[in-house]
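Take a look at the structure set out below.
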Amino acid sequence: MTSREIVVVAEHAAGEVSDITLEMLACAREIAHTVGWHVTCLFLTDDPKPLEALPLASDQTVFVKDPALGPPNPAAYARVLPHVLKDLSARLVLLGNTSTGIDLAGPVSEALGASVVSGCVGIRSAGEQLLFTSRLCGGKLVAQTEVREGIALALVMPGSWNREAGMRDAVPPTGVRVSPVPLATLPVRFLEFVEPKMEDVDVRKVPVLIAAGRGVQSKENLANVEALAKELGGAVCATRPIVDQGWLPRTRQIGRSGMTVKPRLYLALGVSGAPEHVEGMKDSELIVAVNTDPGAPIFDIAHYGTTVDLLDLVPVLTERIKGTRGD
Amino acid sequence: MKIAVLLRQVPDVVEELVIAEDARSLAEDDVMYITNEADEHALEEALVLKARHAARVTAIGVGGEEAKDALAAAIAKGADEAVFVPVPFEHRGDNHRLASVLAPSMKAAGYDLILTGVWAADQLDAGLAGLLGVRLSLPYVGGVVSVAVDAPGTKGTVRKEYPGGRLAVLEVGLPAVLGVQSAEQPPRYVPVSKVAQAKRTLQLTELTEPTVLEMGVRPTKLLKSDPISRAEMLTGDVSQVADQIVRLLRERSLV
């Protein structure tokens, strides 16, 4: 019979599990609940101690321990993982659709001959088949995919499962293993972490955020957005393309590789709502989106939306808010 | 130093996307193409390295005829050589297939550094750079935002992005394959006239596909995202919309 083993490849840093790990466990639990699969949570680490007593929603937790697995070295993870997944007889492997997971999918897929499905927001099983729902093309398309046999690697979109369901009351049985392969010589060496410099504003602490997306079009237009933010007593943050243009510092970037924020107001201007951006702002208390494209995915998560041109709206809105002062 | 950059043509998601009659792919005639954004950054990073190390940059355009325009633009920006790899429409988002098409010729060419975007807008499987790394038996790092190469050209120091704006500095032996997230400076602009000129004089090497090809997953069904938005839409002219937004903010004591 085909294996019914689900392996969640945990992401963790400084002795703490990342949210994506709990979300992947919640996903695995959902599948396991319906058809009686077995869930293993797998940690690659140099020190299992701080992680051993976690009440994770797995049937067992396995630690592979090696000094080389301490630093975030993609080459070390990629070398170890195929061996461990084979030992565990994994049928479905869950990786985060994250900086860490994206790096592992290719090497592990080639080593195991596994199918890869990225951008997963839904996974279920039907008999021996695994059915995946993914988002692609900036969240504008939804693809359904089947893997009928063999190992499947799924890259799970952050924020797609409830992380609370990745924990439970009891600690599952744990086991510590040594690395099945030597890791003394690796082609990649970790040197250091560089922490972001908070130059001016820490967007994680600002209650009102005005987000500039590609629709802002130019650095000149950004000045109007800044003026609006000033009137609202808030700060301007941005999507990746704006930061890549050098119009705002990297510390203002919201999303997968930037900051995660939960302000009282998130006013999204010309933001399309690509999944990697939405990840960083979806829990904002009030989201108002301005985008001329009525099909923009940002409207799926915004509370209020409008399709008027932001370049026309921003100066008018700024004046109106100025006007409220006198009331 | 020899640097290769892979440039994929992907559907421009700003344009209307139309699902084909087979309900599992996009309607080819309606697709407007752009070069994958992360690949544009890979090209920029290659050109930055060229300026520092007198490297030779080979731009490899993957896709249909549009890829030739991307190659002309790459030459106009400063790439030295253009290679065109025609890929049938239905296979363009399949990185397993692309890796199996590209690996043999890339191995033969002996590049010191292979750069491509860490992701493609239309991809459903694993990243191309990671797959190529395995096929070429070369080290691979993805999520890269800057690359520095030492004087002898034997090792690179890269910065890899993690959540929260954190960067890991990693040293990687060359040759290597890197999945670029963004270049250390914005992709350069080149005037349309210069691209047109490059297109007129473009010399392409065209790659023929090897006979044995691998395949990644293919969707059984492709849909547009649910068009029913959750947002309550504010309608009217700019002035009316501004009034409604101010009211919303007032109700929540935000102004």
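Treat the numbers as computed from the prediction; the structure is a model and nothing was measured. Below, chains carry the letters A, B, ... as their sequence lines are ordered, and counting in each starts from 1.
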Original post:
Is it the side chain or the backbone of B:Leu132 that comes within 4.5 Å of chain A heavy atoms, both, or neither?
Top reply: neither
Original post:
Are there more than 12 heavy atoms of other residues, nucleotides or ligands under 6.0 Å from atom CZ of A:Arg214?
Top reply: no
Original post:
For A:Val142, is it the side chain, the backbone, both or neither that has a heavy atom under 4.5 Å from a heavy atom of chain B?
Top reply: both
**OP:** Look at A:Leu136, A:Leu191, A:Leu131, A:Val308 and state which one has the largest set of heavy-atom pairs under 4.5 Å with chain B.
**Re:** A:Leu191
Original post:
Which atom pair, heavy atoms only, marks the closest approach of B:Ala4 to B:Met106?
Top reply: CB-CE, 3.8 Å
**OP:** Tell me, for A:Arg250 versus chain B, whether the close heavy atoms (under 4.5 Å) come from the side chain, the backbone, both or neither.
**Re:** side chain
Original post:
Which bit of B:Val145 comes within less than 4.5 Å of chain A, counting heavy atoms only: side chain, backbone, both or neither?
Top reply: neither
Subject >> Portion of B:Lys160 that has a non-hydrogen atom of chain A nearer than 4.5 angstrom >> reply: side chain
Original post:
Taking every heavy-atom pair that is under 4.5 Å apart, which of A:Val117, A:Asp309, A:Asp293, A:Thr133 has the most such pairs with chain B?
Top reply: A:Val117
Original post:
What option among A:Ser118, A:Ala105, A:Gly106 has the most heavy-atom pairs under 4.5 Å with chain B?
Top reply: A:Ser118
Original post:
Contact part of A:Ala143 toward chain B, heavy-atom cut-off under 4.5 Å: side chain, backbone, both or neither?
Top reply: both
Original post:
Does B:Gln244 reach the main-chain N or O of B:Thr235 with its side chain, forming a donor-acceptor pair under 3.5 Å?
Top reply: yes
Original post:
Would you say A:Ser109's side chain and A:Val116's backbone share a donor-acceptor pair under 3.5 angstrom?
Top reply: no
Subject >> A:Ser134 versus chain B, the contacting section by heavy-atom distance below 4.5 Å >> reply: side chain
Original post:
Does the side-chain hydrogen bond (donor to acceptor under 3.5 Å, both in side chains) test come out yes or no for A:Arg240 and A:Ser257, once each step is laid out?
Top reply: CA-CA 9 Å; A:Arg240 174 180 279 284; A:Ser257 40; 2.7 Å; yes
Original post:
Counting heavy atoms not belonging to A:Glu195, are there more than 12 under 6.0 Å from its CD?
Top reply: yes
**OP:** Would you mind telling me which of A:Pro196, A:Gly305, A:Ser99, A:Pro187 has the largest number of heavy-atom pairs within less than 4.5 Å of chain B?
**Re:** A:Gly305
Original post:
Using non-hydrogen atoms only, which part of B:Val134 is less than 4.5 Å away from chain A: side chain, backbone, both, or neither?
Top reply: side chain
Subject >> Of all pairs that satisfy salt bridge (charged side-chain N to carboxylate O under 4.0 Å, His left out), the ones with a partner from residues 112-129 of chain B, not counting sequence neighbours >> reply: none
Original post:
Where do B:Glu45 and B:Ala183 come nearest, in terms of heavy atoms and distance?
Top reply: OE1-CA, 3.3 Å
Subject >> Between A:Arg264, A:Arg256, A:Met259, the one whose heavy-atom pairs under 4.5 Å with chain B are most numerous >> reply: A:Arg264
**OP:** Identify which part of B:Glu16 has an atom lying under 4.5 Å from any heavy atom of chain A, answering side chain, backbone, both or neither.
**Re:** neither
Original post:
So does B:Asp29 have more than 12 non-hydrogen atoms from other groups sitting under 6.0 Å from CG?
Top reply: no
**OP:** For A:Cys237 and A:Val203, work out which heavy atoms get closest and say how close.
**Re:** CB-CG1, 4.2 Å
Original post:
Do other residues, nucleotides or ligands put more than 12 heavy atoms under 6.0 Å from the CD atom of B:Glu15?
Top reply: yes
Subject >> Residue part contacting chain B, namely of A:Leu286, when any heavy atom lies under 4.5 Å >> reply: side chain
Original post:
Quick one: what part of A:Pro74 sits under 4.5 Å from any heavy atom of chain B, side chain, backbone, both or neither?
Top reply: side chain
**OP:** Just jot down the salt bridge (Lys or Arg N to Asp or Glu O under 4.0 Å) partners of B:Glu66, sequence neighbours excluded, or say none.
**Re:** none
Subject >> Pick from B:Gly165, B:Pro187, B:Gly173, B:Pro139 with the largest number of heavy-atom pairs that fall under 4.5 Å of chain A >> reply: B:Gly165
**OP:** Flag the one option from B:Ile19, B:Leu234, B:Asp12, B:Val172 with the top tally of heavy-atom pairs under 4.5 Å to chain A.
**Re:** B:Leu234
Original post:
Would A:Thr239 and A:Gln253 satisfy side chain to side chain contact (heavy atoms under 4.5 Å, CB included), going step by step from the backbone distance to the final call?
Top reply: CA-CA 6 Å; A:Thr239 60; A:Gln253 186 183 321; over 6 Å; no
**OP:** Counting only heavy atoms closer than 4.5 Å, note whether A:Val194 contacts chain B via side chain, backbone, both or neither.
**Re:** both
Original post:
Looking at B:Gln185, B:His96, B:Arg218, which makes the most heavy-atom pairs under 4.5 Å with chain A?
Top reply: B:His96
Original post:
Does any heavy atom of chain A fall under 4.5 Å from the side chain of B:Leu124, the backbone, both, or neither of them?
Top reply: both
Subject >> Between CG on residue B:Leu248 and CG on residue A:Leu267, distance to nearest 0.5 Å >> reply: 10.5 Å
Subject >> Option that, when pairs with chain A are counted at under 4.5 Å, heavy atom only, ranks first among B:Leu138, B:Val255, B:Asp243 >> reply: B:Asp243
Original post:
Top residue by heavy-atom pair count (under 4.5 Å) with chain A, among B:Gly236, B:Gly143, B:Pro163, B:Gly156?
Top reply: B:Pro163
Original post:
Side chain, backbone, both or neither: which part of A:Arg135 has an atom under 4.5 Å from a heavy atom of chain B?
Top reply: side chain
